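The first residue in the sequence is number 1, and the count goes up from there. Bear in mind that the values here come from a model prediction, so they are computed numbers and not experimental data.
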Amino acid sequence: MGNKFIDTTFLDKAIEFAVKAHANSERRGKGFPYIVHPLEAMSIVASMTPDQELLAAAALHDTVEDTGVSIDDIRSEFGDRVADIVKAESDVFTEGLSEEASWHDRKKAAIDRLAAAPLEAKMVAMGDKLSNMRAIWRDYQEKGDELWKIFHAKDKSDHEWHYRGLAASLSELSDSFAYKEFLSLINDVFK
C-alpha cells in the first residue's frame, strides 16, 4: 500500500526557515537545540489539523519573539494568515521593562489575546503551550519546586495562574486530545 502524495513545499520552507532562525540556540536549560520545541508544537497541531499554513505557523511561532526575524519577514515569506497567527502567539515586550518586571502583564495580555483569537490561532497556541507544559511536567518530576528558579517568574503560583488562564482561553479546543493532555498535565503539576 503506497503513501498518498502530499505537496509539503510550503511547510518544508517554513521548517527550513525556523531551523535557520533558531540555529545555534538552546532551549533554556535543556541541553538540546531550540528547534525541537517548535517542531513538537507543529506535531501537536498536526494532531488537530492537516492545514499546512497552521503547521507552518506552529513551526515559526517563536521566530519573532526569540530571534532577529520580524513579523514583516514572516508576512513576506509566508503570507498574511501565517504572519497574523505568529503575531498572535508572540509576547509583546514593554520598552524599558525587564522580562521579570513585565512577566505578569505580558502573560495576562497573551491570555486575553488568545481568548479573543480565532480557532486556528488557538490551535497553534495549543501546540506551543502543550509542548511547554510537557517540558514543565517532566522537569517537575525531576526537580520539584526547584524548577521555578529557572524562570523569570519564580513563584509556582504565578505559573499556575498563567497556565490555568491559558486553559480557559483555549477551552474552545476542549474536545481535542491535545487540550485534554494539557489540562491533565496542569492538574498534575499544580495539584
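- Nearest heavy atom pair, residue Leu183 against residue Ala167, reads CD1-CB, 4.0 Å.
- A distance of 9.0 Å separates OG of Ser43 from CG of Leu39, quoted to the nearest 0.5 Å.
- Interatomic distance, Ser176 OG to Phe182 CZ, rounded to the nearest 0.5 Å: 10.5 Å.
- Below 30°, between 30° and 60°, or above 60°: for Phe17 and Phe78 the angle between ring planes is above 60°, a perpendicular geometry.
- The CG atom of Asp80 lies 11.0 Å from the CD1 atom of Ile85; values are rounded to the nearest 0.5 Å.
- Salt-bridge check for Glu120 with Arg81: passed, with a basic side-chain N closer than 4.0 Å to an acidic carboxylate O.
- Leu166 has its side chain out of reach of Trp161: every pair of non-hydrogen atoms, C-beta onward, lies at least 4.5 Å apart.
- Under the 30°/60° scheme for interplanar angles, the aromatic rings of Trp103 and His162 are found to stand perpendicular.
- Counted by atom type alone, Ser131 and Asp128 present zero donor-acceptor pairs between their side chains at under 3.5 Å.
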Derivation and outcome, side-chain contact (heavy atoms from CB on, under 4.5 Å), residues Glu142 and Arg138: CA-CA 7 Å; Glu142 185 181 315; Arg138 283 189 304 268; over 6 Å; no

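- By the 4.0 Å N-to-carboxylate-O rule, Asp84 lies close enough to Arg75 to be salt-bridged with it.
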Verdict with supporting geometry, Asp73 and Ser70, side chain to side chain donor-acceptor pair (under 3.5 Å): CA-CA 5 Å; Asp73 295 333; Ser70 73; 3.3 Å; yes

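- A side-chain donor-acceptor contact under 3.5 Å links Lys154 to the backbone of Lys149.
- A side-chain donor from one of Asp155 and Ser157 sits under 3.5 Å from a side-chain acceptor of the other.
- A donor-acceptor pair under 3.5 Å links the side-chain atoms of Ser171 to the main chain of Ala168, judged by distance alone.
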Pair Arg134-Glu181, side-chain contact (heavy atoms from CB on, under 4.5 Å): steps then yes or no: CA-CA 9 Å; Arg134 284 174 175 174; Glu181 180 183 355; 2.8 Å; yes

Full working for side-chain contact (heavy atoms from CB on, under 4.5 Å) between Glu160 and Ile186: CA-CA 8 Å; Glu160 179 173 14; Ile186 290 169; 5.7 Å; no

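- Between Asp62 and Tyr34, the side chains place a donor N or O and an acceptor N or O closer than 3.5 Å (distance only, hydrogens not considered).
- Taking the side chain as every heavy atom from C-beta outward, Glu26 and Pro33 never approach each other to under 4.5 Å.
- For the pair Tyr163 and Leu185, the minimum side-chain heavy-atom distance is 4.5 Å or more.
- By the 6.0 Å contact criterion, NZ on Lys108 is open, its count of non-hydrogen atoms from other residues, nucleotides or ligands being 12 or less.
- Taken from CE in Met123 to CG in Asp51, the straight-line distance is 8.0 Å, to the nearest 0.5 Å.
- The minimum heavy-atom distance between Tyr179 and Leu173, with the atom names listed, is CB-O, 3.1 Å.
- Scanning both residues, Leu114 and Ala121, for their nearest heavy atoms gives CD2-O, 4.4 Å.
- Residues Leu11 and Met42 are in side-chain contact: their nearest non-hydrogen atoms beyond the backbone lie under 4.5 Å apart.
- Here the straight-line distance linking atom OG of Ser169 with atom CZ of Arg164 works out to 14.0 Å at 0.5 Å rounding.
- Taking every heavy atom of both residues into account, Val45 and Ala58 meet most closely at CG2-CB, 3.8 Å.
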Worked check of side chain to side chain donor-acceptor pair (under 3.5 Å) between His152 and His104: CA-CA 10 Å; His152 295 298; His104 193 277; over 6 Å; no

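- The shortest heavy-atom contact between Ala56 and Phe10 is CB-CE2, 3.7 Å.
- Put simply, the side chain of Gln52 gets close to the backbone of Asp7: a donor and an acceptor are under 3.5 Å apart.
- Tested against His159, the residues Trp137, Tyr140, Trp148 include a single ring-ring contact (aromatic ring centres under 6.0 Å, His included) partner, Trp148.
- A chain of hydrophobic side-chain contacts below 4.5 Å, direct or via other Ile, Leu, Val, Met, Phe, Trp or Tyr residues, connects Ile44 to Leu55.
- Lys156 NZ: more than 12 foreign heavy atoms inside a 6.0 Å radius.
- Nearest approach of Gly165 to Ile111, heavy atoms of both residues: O-CG2, 3.7 Å.
- The environment of Lys13 atom NZ is dense: over 12 non-hydrogen atoms of other residues, nucleotides or ligands sit within 6.0 angstrom.
- For the atom pair CG of Leu54 and NE2 of His61, the computed distance is 14.0 Å after rounding to the nearest 0.5 Å.
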